[in-house]
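Here the structure is laid out as structure tokens; the discussion comes afterwards.
Naming: A, B, ... by sequence-line order, numbering from 1 per chain.
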2 protein chains.
Amino acid sequence: MSPRTEEQNALLKDERREHILSAALRVFAMRGFAATKIKDIAAKGNISHGLVYHYFQSKEDIFFELVSRALHVAGESLMYVDAMPLSPLEKVRETARFILGSIEQGQESSCYFMIVLHASVMEISEEEKNRVFKGGDVPALTLSKILAEGQKQGEIKEGDVYGMTSVFFAAITGLAVNKLGFPGMKMPDPEILVQMVMK
Amino acid sequence: MSPRTEEQNALLKDERREHILSAALRVFAMRGFAATKIKDIAAKGNISHGLVYHYFQSKEDIFFELVSRALHVAGESLMYVDAMPLSPLEKVRETARFILGSIEQGQESSCYFMIVLHASVMEISEEEKNRVFKGGDVPALTLSKILAEGQKQGEIKEGDVYGMTSVFFAAITGLAVNKLGFPGMKMPDPEILVQMVMK
DNA sequence: GTCTATATCCAGATAGAC
DNA sequence: GTCTATCTGGATATAGAC
């Protein structure tokens, strides 16, 4: 019987962590931080209550790990679209389609949006907030850059780029959260978002 | 020493209730239902913990009273704008200006938006949800009606009125919530929302 | 590595003094 | 009407058995 290598152990441990995180995602999204009980996460993941503490130090740890991932993935996605060989307007269209599509198709994206939202209104110190939301402005900065380029090229409406960006993301967040509260809701045509900025 | 009449007593009682509700508003908005402790509400209102239960039956009672008010006021506001002697497009503009203005000027509106949002993702039975959100679709129905009229008159873009409505409200909700999490944030020009639907 | 049992704390709600 | 004291349940986190 060959003992597992350290590497294999680390992999198994990672898988377990992923399992717990994925179980925690929905629960945190729906109930918020405080209302989520470790017991609920454990039940969702079919493991015992105590085992959760074998993989994470605390409830906060799990929550902020999810927040961090959400922000990271959002940033990556925007930068990915930005790197595509498309005109600025097409990049906006691609972004709108991609995000609304992922919200439409399952609840996972919506859960991430909701978790970030929960985190953003949590009462934590300014320092802590800065740490948690480190890099959280990458999506907005990237979109702003795209819009500014589009204005130069005459594809995008003149006006406050920062304002357009915040409305764009606010709308997406709002839709995601709505979808979570009312799953029957149909996502609107992404083109509506595009027309908001299109000349 | 003249004893207070029943009427005066009722008025005082109402004032006290209002006092508690207003103290509860921010706390519920920021922390959500579960994380809000009766103690916090009492502290915010400078009254004792036990006294809260003299005016309300339970924590839920306070919360759902606030949700109900938020929905009621939102419906009233939209119907008020709709009754104004304005073209459909102007009604949309007035709505956007009014709501963004009230979010800009203080936190109260944002708190109401956030509370509705908390309520919408709460895990309650379908029945209960229907009861809590009774009349909650009045704003959306009213705006949809306005947009449809605007399309007939050629002021509003052709396309899915339901989609435009949901993006419009999603954007506003998203902005309100953002403002709550990051108070320094500037509200965008309402015109951005108007241009989303304007032909 | 996984579970059960439990220590410790704190919250919602009530009772009863003033 | 308002407060303080208390009952009771339940949640986080830990300890220790297997």
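A:Lys37 has no side-chain polar atom (N or O) that falls below the 4.0 Å cut-off from OP1 or OP2 of D:dA11. Dashed line: the shortest gap from a side-chain N or O of B:His54 to OP1 or OP2 of D:dT2 is not under 4.0 Å.
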Restricting both atoms to N or O, compile the protein contacts to nucleotides 13-17 of chain C shorter than 3.5 Å, with distance only.
| residue | atom | partner | partner atom | Å |
| --- | --- | --- | --- | --- |
| C:dA13 | OP2 | B:Tyr53 | OH | 2.7 |
| C:dA13 | OP2 | B:Lys59 | N | 3.2 |
| C:dA13 | N7 | B:His49 | NE2 | 3.3 |

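Grouped by direct or indirect side-chain proximity (heavy atoms under 4.5 Å, Ile/Leu/Val/Met/Phe/Trp/Tyr only), B:Met79 sits with B:Val138. Under a 4.5 Å side-chain heavy-atom cut-off, the cluster of Ile, Leu, Val, Met, Phe, Trp and Tyr residues that includes A:Val27 has no other member.
With sequence neighbours excluded, the residues that form a side-chain hydrogen bond (donor to acceptor under 3.5 Å, both in side chains) with A:Asp82 are A:Lys91, A:Lys145. Judged as a side-chain hydrogen bond (donor to acceptor under 3.5 Å, both in side chains), and not counting sequence neighbours, the contacts of A:Ser102 are A:Ser109. Partners of A:Phe182 under the ring pair (Phe, Tyr, Trp, His ring centres under 6.0 Å) rule, at least two apart in sequence or in another chain, are B:Phe133.
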Side chains of residues 166-177 of chain A: which donor-acceptor partners sit under 3.5 Å, not counting sequence neighbours?
| residue | atom | partner | partner atom | Å |
| --- | --- | --- | --- | --- |
| A:Ser166 | OG | A:Tyr162 | O | 3.3 |
| A:Ser166 | OG | A:Gly163 | O | 3.0 |
| A:Thr173 | OG1 | A:Phe169 | O | 2.9 |

Do any side-chain atoms of residues 19-26 of chain B form donor-acceptor pairs under 3.5 angstrom with protein atoms, and if so which ones, sequence neighbours left out?
| residue | atom | partner | partner atom | Å |
| --- | --- | --- | --- | --- |
| B:His19 | NE2 | B:Gly45 | O | 2.8 |
| B:Arg26 | NH1 | B:Gln107 | OE1 | 2.9 |

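Nucleotide C:dT4 holds its C1' atom 12 Å from the CG atom of A:Leu51, rounded to whole Å.
Listed by residue number, B:Arg16 are the residues of residues 13-23 of chain B with a heavy-atom contact under 4.0 Å to DNA chain D.
No cation-pi contact links A:Arg69 to A:Tyr112, judged by a cut-off of 6.0 Å to the six-membered ring centre and 45° from its axis.
Using a 4.0 Å heavy-atom cutoff across all strands shown, B:Tyr55 reaches sugar-phosphate atoms only and no base atom.
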